[in-house]
Amino acid sequence: MDSVPVRSSSSSSSSISSLNSRFLEPSFSGISSLRKFSSVCFNSTSLSGSNSKYLKNAVLMGSAGNLNPKTVNGPAGYVLEDVPHLSDYIPDLPTYPNPLQDNPAYSVVKQYFVHADDTVPQKIVVHKNSPRGIHFRRAGPRQKVYFDSDEVHACIVTCGGLCPGLNTVIREIVCGLYHMYGVKRVLGIDGGYRGFYAKNTINLTPKVVNDIHKRGGTIIGTSRGGHDTSKIVDSIQDRGINQVFIIGGDGTQKGASVIFEEIRKRGLKVAVAGIPKTIDNDITVIDKSFGFDSAVEEAQRAINAAHVEAGSMENGIGVVKLMGRYSVSTFKIFWKCLGIEFSCAFPFSKLCYLYAVLSLTENKSNHSHRRNLNLVSGAGFIAMYATLASRDVDCCLIPESPFYLEGPGGLLEFIDRRLKENGHMVIVIAEGAGQELVSESMHSATQQDASGNKLLQDVGLWLSQRIKDYFKQRKMVLNLKYIDPTYMIRAIPSNASDNVYCTLLAQSAVHGAMAGYTGFTVGLVNGRQTYIPFYRIIEKQNKVVITDRMWARLLSSTNQPSFLSAQDVIEDKKEEGIVTQLLDDEICSDDFSGSKEISDV
């Protein structure tokens, strides 16, 4: 067996100098080749109109980090939206040679470390005269690290709902710290954010996490809410934690951003790294979130069951409800604009976006107003991709594409026609679809919970009942089966594709934290691992664009109507264009050449 030469730490300096062809000298203060062009850009915006005072108040509630992006401008419209670094607010930090240079696993790698000037473009489809556009810092190991392995005390926390792949991410963070950097102290925070101050911690070692990727859920527990910034940062400081890995969706990443800001204000040497998690795939900027592929694959099992049931009976209908939520934060902002106070901080771009929508809908009919609210809510990606993958679905309903039940061209008429043609059909509906219709029917609802609050109806059950009532009035035979696999999908372990993706995300987060980067979320952008500042992740939510080709592919696959008139489509395109232009003008300074890319709404 061939021996692998191992360089000792005492000779690390000479080792590095003798391997210039493999180690590329980085610069941590910015992109070295563009330093003379660099400038920090921020353009404050004045608001006017009846809702301006509420929007201004909400802006003042935002964290300082969201209002001061760290950007580097270069020639030909190049913009780097950089992530914070510990050296930005802690001067004269010592650096150490990266332990990977002595790691046998990396001895065969031609280039150990990522070059300091490596960035990844947000947009890769351009015209010959297009500006270079927005870029993000490429993820990966750096030649110098800002933590000595023996001093690192890391922690991992999972927040929000379950998602396939959580345990895989936990496992790979622990194993990455242990095996790549020699870090021996890693804690699991039990039960989400509140676990920092209300519960015990769990010691995590490679042995403890060895086979957890084969199980669904999260071994360290999770919860929603419980975010008390002061208590959380106090706990981090008291425990001597200096690396925090936060796994969660957009709400969790907002919490992580606030934690980072508090840590920065206190001047603590603590790296905060986020790993985006949402089964709905509604986190913006990144290509996709982990667990999404597994969810789509599992959703097809439910669709197949519905198809078998429907095809085995006279006038059989299978209704499958899948994940695809409303944007809760968007509705909070909506009520904020109406003068109802909320204590959450909201990204400025989302406020401007809603401001534009409210302005556009001010003098329109209720139907148009409803369409515009759908424009800023929901994420029907699982329903859309599961439908495209299945080929057994006759109709897919998502929050971004409003529909109506009654009258010519309505959903009920389409169901009637499809049953007469095929004798059966399958309907997939995202949980956030049709909520405005459900809300209208709730005016007469009498069911209440223990506190006397009206219980919201399940949109799948509501739709199933409306379909039954419609055919009962026509005295037609109907056999309808309703399937809700939501929690079954959330609880499964991740598939092979997601396991690989989780590994890349976890290792990239570890590399970034060790290199001294902080206040960032790691994610895949155009197939490359990148470090993305928190404010870009939390400024808005990803959604299906119903004027895009992917939705057109679905409509052609299912042969369903869009339930929108030609005029509706024209208005949607026009409104999206106006809102996009507003965001471009309000958020981006003149230094952002070609910065329409920042507002991919």
Side-chain angles (χ1 to χ4, degrees), residues 296 299-322 324 371 374 378 380-438 441 457-485 544 546 549-566 568-569:
V296 170
Q300 289 183 81
R301 301 179 189 274
I303 293 174
N304 181 63
H307 183 254
V308 171
E309 287 282 355
S312 301
M313 298 182 181
E314 180 183 2
N315 286 340
I317 297 179
V319 177
V320 180
K321 188 189 78 171
L322 297 175
R371 288 194 300 104
N374 271 282
F381 289 101
I382 291 180
M384 181 174 70
Y385 276 82
T387 295
L388 282 168
S390 169
R391 309 291 179 179
D392 289 330
V393 178
D394 297 276
C395 184
C396 177
L397 305 172
I398 61 174
E400 295 89 340
S401 181
F403 63 92
Y404 56 99
L405 294 178
E406 310 285 350
L411 177 62
L412 295 175
E413 181 185 83
F414 170 68
I415 294 173
D416 194 351
R417 184 171 70 251
R418 185 57 60 92
L419 285 179
K420 291 176 181 177
E421 292 173 354
N422 299 339
H424 66 277
M425 72 177 299
V426 174
I427 301 171
V428 168
I429 182 167
E431 61 185 346
Q435 287 295 322
E436 70 280 0
L437 300 177
V438 179
S441 69
Q457 292 188 37
D458 182 302
V459 67
L461 288 173
W462 172 84
L463 179 62
S464 299
Q465 189 58 52
R466 292 299 301 269
I467 294 172
K468 290 178 181 178
D469 293 342
Y470 176 83
F471 285 96
K472 184 178 181 180
Q473 292 174 1
R474 284 154 181 75
K475 298 181 179 180
M476 292 177 59
V477 175
L478 181 72
N479 289 285
L480 187 146
K481 306 296 181 184
Y482 172 58
I483 299 175
D484 180 0
V544 175
I546 61 172
R549 279 191 293 271
M550 185 58 76
W551 183 244
R553 294 184 184 109
L554 181 140
L555 296 179
S556 64
S557 173
T558 61
N559 197 27
Q560 71 182 72
S562 66
F563 301 110
L564 292 175
S565 66
D568 288 334
V569 174

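Since the model is a prediction, treat every value here as computed from it, not as a measurement. What you see below is based on every heavy atom in this structure, not just the backbone, and it leaves out hydrogens, waters and symmetry mates.
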side-chain hydrogen bond (donor to acceptor under 3.5 Å, both in side chains) partners of residues 382-398, not counting sequence neighbours, each pair once:
Arg391-Ser557, Asp394-Arg418

Among pairs that include at least one residue of residues 302-318, which meet side-chain hydrogen bond (donor to acceptor under 3.5 Å, both in side chains), considering only residues two or more places apart or in two chains?
none

Once salt bridge (charged side-chain N to carboxylate O under 4.0 Å, His left out) is applied, do any residues pair with Arg301, and if so which ones, sequence neighbours excluded?
Glu298

Evaluate the criterion side-chain contact (heavy atoms from CB on, under 4.5 Å) for residue pair Met550 and Val544; output intermediate values, then yes/no.
CA-CA 9 Å; Met550 185 58 76; Val544 175; over 6 Å; no

Closest approach of [X] to [Y] (non-hydrogen atoms, all atoms of both residues):
X	Y	result
Leu322	Ala383	CD1-CA, 3.9 Å
Phe563	Pro402	CB-O, 3.9 Å
Ile546	Ser401	CG2-CB, 3.8 Å
Val459	Ala430	CG1-O, 4.0 Å
Ser562	Leu555	CB-CD1, 3.9 Å
Pro485	Ile483	CD-O, 3.6 Å

If you define the side chain from C-beta out and look only at heavy atoms, does anything of [X] sit under 4.5 Å from [Y]?
X	Y	result
Leu478	Tyr470	no
Ile398	Trp551	yes
Gln435	Pro399	no

Could you go through the side-chain contact (heavy atoms from CB on, under 4.5 Å) check for Leu405 and Ile467 one step at a time?
CA-CA 9 Å; Leu405 294 178; Ile467 294 172; over 6 Å; no

Indicate every side-chain donor-acceptor pair of residues 420-429 with a distance under 3.5 Å to a residue at least two apart or in another chain.
from: His424; atom 1: ND1; to: Asn422; atom 2: O; distance (Å): 3.3

Would you check, one step at a time, whether the test side chain to side chain donor-acceptor pair (under 3.5 Å) holds for Asp469 with Gln473?
CA-CA 6 Å; Asp469 293 342; Gln473 292 174 1; over 6 Å; no

Residues passing the side-chain hydrogen bond (donor to acceptor under 3.5 Å, both in side chains) test with Ser464, sequence neighbours excluded, are none

When the side chains of residues 406-416 are checked against the rest of the protein, which donor-acceptor pairs come out under 3.5 Å, sequence neighbours left out?
from: Glu406; atom 1: OE2; to: Arg466; atom 2: NH2; distance (Å): 3.0
from: Glu413; atom 1: OE1; to: Gly409; atom 2: N; distance (Å): 2.8

